[in-house]
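A short write-up of the structure that comes next.
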Amino acid sequence: MTTWSQADHEFMARAIRLARRGLYTTDPNPRVGCVLVQDGAIVGEGYHLRAGEGHAEVNALRQAGERARGSTAYVTLEPCSHQGRTPPCADALVRAGVGRVVAAMVDPNPQVAGRGMQKLRDAGIAADSGLLEAEARKLNPGFIKRMETGLPLVRLKLASSLDGRTAMASGESQWITGAAARADVQRLRARSSAILTGVDSILQDDSALTVRPSEAGFDDALKQAFGDRQPLRLVLDSQLRMPADARILRQAGRTLIVTCSDNDSRAAALREAGADILRLPAVDGRVDLRAVLHWLGAEQCNELLVETGATLAGAFAAAGLVDELHLYMAPKLLGSSGRPLLALPLDTMAQQIALELVEMRQLGDDIRLTLRPRDKEQN
């Protein structure tokens with residue numbers, strides 16, 4: 001078992017902080033940071049910003065120049081060994097003459113999965129992994145899950161009053177939570193590969209489901225880095241009830257209506273309005289949720305944010321498809337006639353879904369609870 005020095009920990013922690021700078025921009029690639037150290041001093045550092053652009057190691061090597069020779073490279077994810085949109089990072093490290101590589105974790109991508117580290121060792125470079133691995137895995141939970149299972153990480157976002165109501169009986173709901181909580185939701189959207197809702201939510205609220213960087217609290221540099229990227233928007237609409245004039249169809253980016261209907265005329269009208277149509281199998285007359293997730297995994301979706309009403313939210317929970325639940329709770333009471341948080345008809349205590357509280361944070365007057373189902377494996 002490798003013994004890591006205090007300096008090793010400090011430099012890897014710096015690499016992890018750098019990787020976080022790509023939280024909202026690297027999709028579908030993982031967030032990665034790299035620090036090059038020579039004689040106890042940082043000579044180069046970098047992080048991956050956008051797919052198709054330089055990887056963390058390449059950016060760090062560019063900054064270091066000749067000082068990279070003989071240095072130690074601390075990288076949060078095993079250097080890639082295959083040709084993708086950019087050349088293999090393992091080859092770049094070999095050419096630069098680094099003397100040692102420390103990776104926080106092995107790449108779960110089957111195309112890499114230890115090959116990068118072996119390529120370095122074959123070139124005579126000392127290479128080891130496992131330093132601050134738990135922290136590194138938190139950077140890329142969706143990428144890791146997709147590589148290991150073929151499915152995206154599913155986050156379910158809910159907002160409610162203290163008595164678990166999402167709206168009044170009439171449907172009136174704006175705004176339950178305050179500005180700080182809504183800004184946090186914008187950041188959840190921004191880090192997601194895709195956002196999913198149901199057609200009932202569109203019919204009720206005419207939601208746009210866009211990322212608005214100004215509302216997310218991004219500074220000017222992050223706004224520029226984020227650019228005009230919008231996560232893929234999916235609307236589950238089994239019977240193609242989506243209005244052709246829905247606001248979501250007029251937004252920048254792609255809106256995909258997922259259906260099991262064979263109504264070609266309705267599909268054509270919605271395509272004319274700006275939507276793409278995806279037909280998937282049905283289960284009990286509704287789009288098969290597992291088929292949706294398999295399709296998203298094949299499309300390189302790492303993190304899916306589900307923002308929807310009680311029925312679809314309950315269906316995801318009941319099917320065991322939720323990896324994380326983000327509940328924004330406002331210190332308000334909407335009363336017993338208000339709409340419930342989830343449509344989840346359970347009859348016995350044995351059917352309960354047990355949750356683990358991962359984090360609790362105050363956002364303005366509201367509380368955000370981050371929870372995971374207890375039977376879910378954690379990255």
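Model, not experiment: these values are computed from the prediction.
Using a 4.5 Å cut-off on side-chain heavy atoms (C-beta onward), Leu77 and Pro108 make contact. With a 4.5 Å cut-off on side-chain heavy atoms, Met105 and Ser129 do not count as touching. Taking the side chain as every heavy atom from C-beta outward, His294 and Leu151 approach each other to under 4.5 Å. Counting only heavy atoms from C-beta outward, the side chains of Leu321 and Arg290 approach each other to under 4.5 Å.
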Between Glu307 and Lys157, does a salt bridge (Lys or Arg N to Asp or Glu O under 4.0 Å) hold up when you go through it step by step?
CA-CA 5 Å; Glu307 287 194 62; Lys157 170 260 170 181; 3.6 Å; yes
What's the verdict on side chain to side chain contact (heavy atoms under 4.5 Å, CB included) for Leu289 and Leu293, showing C-alpha distance, side-chain angles and the deciding distance?
CA-CA 6 Å; Leu289 299 183; Leu293 297 184; 5.7 Å; no
Evaluation steps, side chain to side chain contact (heavy atoms under 4.5 Å, CB included), between Val94 and Leu120:
CA-CA 7 Å; Val94 171; Leu120 295 169; 4.0 Å; yes
I would like to know whether Val287 and Ser238 meet side chain to side chain contact (heavy atoms under 4.5 Å, CB included); could you show each step before the answer?
CA-CA 6 Å; Val287 173; Ser238 298; 3.7 Å; yes
Full working for side chain to side chain contact (heavy atoms under 4.5 Å, CB included) between Val258 and Trp295
CA-CA 11 Å; Val258 187; Trp295 183 88; over 6 Å; no
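Tyr74 and Phe11 have tilted rings, their planes meeting at an angle from 30° to 60° on a 0 to 90° scale.
In terms of hydrophobic clustering, with Ile, Leu, Val, Met, Phe, Trp and Tyr side chains grouped at heavy-atom distances under 4.5 Å, Ile248 and Val306 are assigned to different clusters. Cluster membership check: Ile16 shares its hydrophobic cluster with Val102, using side-chain heavy-atom separations under 4.5 Å among Ile, Leu, Val, Met, Phe, Trp and Tyr. Side-chain heavy atoms closer than 4.5 Å link hydrophobic residues (I, L, V, M, F, W, Y) into clusters, and following such links, possibly through other members, connects Leu312 to Leu232. In terms of hydrophobic clustering, with Ile, Leu, Val, Met, Phe, Trp and Tyr side chains grouped at heavy-atom distances under 4.5 Å, Val106 and Trp4 are assigned to different clusters. Leu278 and Leu196 fall within the same hydrophobic cluster, defined by Ile, Leu, Val, Met, Phe, Trp and Tyr side-chain heavy atoms under 4.5 Å apart, directly or through other members.
Checking side-chain atoms of Gln186 against main-chain N and O of Arg212 turns up a donor-acceptor pair under 3.5 Å. In this structure, Arg189 contributes its side chain and Thr210 its backbone to a donor-acceptor pair below 3.5 Å. A donor-acceptor contact shorter than 3.5 Å is absent between the side chain of Arg368 and the backbone of Ala181. Remark: the backbone N or O of Gly178 is paired with a side-chain donor or acceptor of Asp366 at under 3.5 angstrom. Of the possible polar contacts, none joining the Asp288 side chain to the Leu280 backbone as a donor-acceptor pair under 3.5 Å is found. Between the side chain of Ser201 and the backbone N or O of Thr308 there is no donor-acceptor pair closer than 3.5 Å. In this structure, Arg50 contributes its side chain and Ala225 its backbone to a donor-acceptor pair below 3.5 Å. A distance-only check finds a donor-acceptor pair linking the side chain of Arg31 to the backbone of Leu23 [under 3.5 Å]. The closest donor-acceptor contact from the side chain of Arg165 to the backbone of Leu334 lies at 3.5 Å or more, if one exists at all. At least one donor-acceptor pair under 3.5 Å links the side chain of Gln362 to the backbone N or O of Gly364.
Taking CZ of Arg247 as the start and OG of Ser207 as the end, the distance is 7.0 Å to the nearest 0.5 Å. Rounding to the nearest 0.5 Å gives a distance of 7.5 Å between OG of Ser193 and CZ of Arg146. The CD1 atom of Ile42 lies 12.0 Å from the OG1 atom of Thr72; values are rounded to the nearest 0.5 Å. To the nearest 0.5 Å, the span separating CG on Asp27 from CG on Asn140 amounts to 10.5 Å. How far CG of Leu325 is from CG of Leu341: 7.5 Å, rounded to the nearest 0.5 Å. How far OG1 of Thr311 is from CG of Leu342: 10.0 Å, rounded to the nearest 0.5 Å.
Atom CG of Asn263 has more than 12 neighbouring heavy atoms from other residues, nucleotides or ligands inside a 6.0 Å radius. Environment of CZ in Arg254: crowded, with over 12 heavy atoms of neighbouring residues, nucleotides or ligands closer than 6.0 Å. Around atom CD of Glu272, no more than 12 heavy atoms belonging to other residues, nucleotides or ligands sit under 6.0 Å away. Surrounding CZ of Arg361 are at most 12 heavy atoms belonging to other residues, nucleotides or ligands under 6.0 Å away. Within 6.0 Å of CD in Glu359 there are more than 12 heavy atoms belonging to other residues, nucleotides or ligands. Open room surrounds CG on Asp228; 12 or fewer heavy atoms of other groups in view lie less than 6.0 Å from it. Enclosure of atom CZ in Arg187 by more than 12 non-hydrogen atoms of other residues, nucleotides or ligands within 6.0 angstrom is indicated.
Residues Ala51 and Pro28 share a closest heavy-atom pair of CB-CD, 4.0 Å.
Side-chain contact of Gln118 with Asp122: a donor-acceptor pair under 3.5 Å is present, judged by distance alone. In this model, a donor atom of one side chain and an acceptor atom of the other lie less than 3.5 Å apart for Thr255 and Arg233.
Checked against Ser71 for a side-chain contact (heavy atoms from CB on, under 4.5 Å), the options Val98, Val101, Leu93, Asp39 give a single hit: Val98. Across Met117, His55, Arg115, a single residue satisfies side-chain contact (heavy atoms from CB on, under 4.5 Å) together with Pro79, and that is Met117.
Checked for salt-bridge contact, Glu303 and Arg155 meet the test: a charged N lies under 4.0 Å from a carboxylate O. Salt-bridge check for Asp237 with Arg266: failed, with every basic side-chain N at 4.0 Å or more from each acidic carboxylate O. A salt bridge links Glu148 with Arg137; the closest basic N to acidic carboxylate O contact falls under 4.0 Å. Under the 4.0 Å criterion applied to side-chain N and carboxylate O atoms, Asp128 and Arg100 are not assigned as salt-bridge partners.
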